[in-house]
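Written out below as C-alpha cells is the structure these notes cover.
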Amino acid sequence: MSAHAILGSGSYAPTRIVTNDELSQRVETSDEWIFTRTGIRERRIAGPDESTSQMASAAARAALADAKLSPADIDLLIVATMTPDMPMPAAACLVQTELGLSADTACFDLNAACTGFVYALDTAWAMLASGRYRTALVIGAEKVSSVIDWSDRTTCVLFGDGAGAVVLGSAVEGSRARLIGSKLGSIPATSSALMTPGGGSAPASPDAPKCITMKGKEVFKLAVRAMDDVAREILVAHNIAPSEVACIIPHQANRRIIEAIAQYLELPLERFFINLDRFGNTSAASIPLALDEARRAGRIKSGDVVLLVAFGAGLTYGATLVRF
Ligand code: UT7
C-alpha cells in the first residue's frame with residue numbers, strides 16, 4: 001500500500017479580535033475568571049458577511065500554496081464543520097466553487113463536532129488508500145459564533161471562529177514524512193453533555209435552543225479521559241513511546257484539560273502546542289489552525305513525530321500520528 005503524507009497546511013482567522021475585557025462588558029464575567037479557568041485571553045469572531053465556506057477557502061488556498069499544488073491536483077475535498085453556511089448544499093461544494101476545483105472532485109462535509117478534523121483526516125486517508133483518489137484537501141472550518149448564546153456566560157467566553165486546512169497526498173519519494181496511524185471513537189450516551197438541541201429534525205427541535213448548551217464539568221472529565229485513553233492506545237498500537245513524540249497538537253478547548261493530559265502522559269507541557277489563549281475553542285478548526293501555526297513557528301521539524309488528539313460533542317474522540 002502506498003504511503004500518504006501531509007504535503008502542506010494553511011489557516012485563516014477573522015481579523016476581529018474580541019478580548020475577555022470586551023466580553024465582560026456584555027455578560028457578568030472577567031478577564032481574570034476566563035483566563036484562570038480556561039487559559040483564553042481573546043478569540044477571533046467572523047464578520048457578519050463572513051461565512052464558514054469563505055474561511056475554509058482562505059485556509060485551503062494557503063495550504064495549496066504551501067504544498068505547491070494547484071486546484072487541478074485535488075480530487076477529494078472534505079470540510080469538517082458543525083456550522084456549515086446552510087444545511088445544504090454542503091460547505092464543501094461552496095468551497096469547490098470558490099477554489100475552482102474540477103467537477104470530478106468528491107465534495108462533502110463531515111460533522112464530528114470538535115473532533116471533526118481528525119475524523120476527516122482519517123476518512124480522506126482511507127479514501128486515498130483505496131487508490132481511487134489522488135490528492136485531498138481536508139479542512140476544519142467553523143463560525144462557532146453563529147451558534148453561541150451571547151448572553152450565556154458559561155459558553156460564550158469559550159469559543160471563536162476560524163479555519164485550518166491540509167493537503168493530503170502520496171508521500172514524496174525519499175521523504176520519511178507520512179501518516180502513521182489513526183484511531184477514532186465515540187462514547188455512547190454522553191450527547192446531553194454538549195449539544196445544539198434546536199435547529200434540527202428532532203420532534204422537540206422547534207422550541208429547543210439553537211445555541212450550544214453544555215455541562216462544563218462533565219465535558220471536562222470526559223475530555224481528559226477520552227484524550228488520555230486514545231493518545232495511549234495509538235502510541236501503543238504503533239510502538240511509539242510518549243517521549244518520542246516531538247509535538248502534541250491537542251484540541252484547544254481549555255488549558256487545564258491540556259495540563260491534565262500532559263500530567264497523565266508524563267510529558268512536559270512545553271511539548272504541547274497551545275494557541276487557545278489567542279483563538280479560544282474553534283471546534284473543528286482548532287487542530288488544523290494550531291498545526292499550521294506550529295509548523296510556521298518552527299515547532300515541527302522534518303522527521304518529527306506529531307500527535308493530534310481531539311474530543312468533541314458526541315462525545316467523539318480521535319487521534320492521528322503523523323511524521324513530518
Ligand atoms: O469542545 C468542547 C467544549 N467544551 C469544553 O471544553 C468545556 C470543558 N469544561 C470547561 O472547560 C470548564 O468546566 C468551564 C471552563 C466551562 C467551567 O470551569 P469550571 O471550573 O468547571 O467552573 P464551574 O462551571 O464549576 O463554575 C464555577 C463558578 C459558578 O458559580 P458558582 O455556582 O460557584 O457560584 C459559575 O456560575 O463560575 C461561574 N461561572 C462564571 N463566572 C464568571 C461560569 N462561567 C463564568 C464566567 N465568568 N464566564
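Just so you know, residue 1 is the first one in the sequence shown, and it goes up from there. When reading the values below, keep in mind they use all heavy atoms of this one structure, side chains included, and skip hydrogens, waters and symmetry mates. In each ligand, atom 1 is the first atom listed, and ligand 1 is the first ligand listed.
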Counting neighbours of CD on E233 that are heavy atoms of other residues, nucleotides or ligands and sit closer than 6.0 Å, is the number greater than 12?
yes
Y264, OH atom: more than 12 neighbouring heavy atoms under 6.0 Å
no
Give the residue, atom name and distance (to 0.1 Å) of the protein heavy atom nearest [atom].
atom: atom 36 (O) of ligand 1; answer: R153 NH2, 3.1 Å
atom: atom 17 (C) of ligand 1; answer: W33 CH2, 4.0 Å
atom: atom 7 (C) of ligand 1; answer: M214 SD, 3.5 Å
atom: atom 21 (O) of ligand 1; answer: K217 NZ, 3.1 Å
atom: atom 6 (O) of ligand 1; answer: A253 CB, 3.3 Å

Looking only at side-chain N and O atoms, does [Y] offer a donor or acceptor that is under 3.5 Å from a partner on [X]?
X: T38; Y: N254; result: no
X: S192; Y: K215; result: yes
X: T282; Y: E142; result: no

Are [X] and [Y] side-chain neighbours, meaning at least one heavy-atom pair lies under 4.5 Å?
X: V309; Y: V230; answer: yes
X: V245; Y: L265; answer: no
X: P209; Y: T213; answer: yes
X: L307; Y: T320; answer: no

Below 3.5 angstrom, do we get any N/O pair linking [X] and ligand 1?
X: G216; value: yes
X: R256; value: yes
X: T38; value: no

With heavy atoms of [X] as the reference, note each atom of ligand 1 found under 4.0 Å away.
X: N254; value: 10 (C), 11 (O), 15 (C)
X: N281; value: 1 (O), 2 (C), 3 (C)
X: C114; value: 1 (O)
X: V157; value: 48 (N)
X: L194; value: 2 (C)
X: E28; value: 42 (C), 47 (N)
X: H251; value: 1 (O)

Protein heavy-atom contact under 4.0 Å for [atom]?
atom: atom 14 (C) of ligand 1; value: no
atom: atom 1 (O) of ligand 1; value: yes
atom: atom 48 (N) of ligand 1; value: yes
atom: atom 10 (C) of ligand 1; value: yes
atom: atom 24 (O) of ligand 1; value: no
atom: atom 31 (P) of ligand 1; value: no

Which of V18, I17, V144 passes side-chain contact (heavy atoms from CB on, under 4.5 Å) with R43? It is V18
Shortest reach to atom 27 (C) of ligand 1 by a heavy atom, considering only R37, K215, E218
R37
Examine R41 relative to F35 and say whether NZ or CZ is less than 6.0 Å from the centre of the six-membered ring and inside a 45° cone about the ring axis.
yes
Separation between OH (Y133) and CG (L77), nearest 0.5 Å, reads 12.0 Å
Measuring from the heavy atoms of I34, does anything fall under 4.0 Å of ligand 1?
no
One thing to verify: whether E42 and R278 come together as a salt bridge, which I'm taking to mean a side-chain N less than 4.0 angstrom from a carboxylate O.
no
List the steps and the verdict of side-chain contact (heavy atoms from CB on, under 4.5 Å) for I300 and L291.
CA-CA 9 Å; I300 299 173; L291 175 64; 3.7 Å; yes
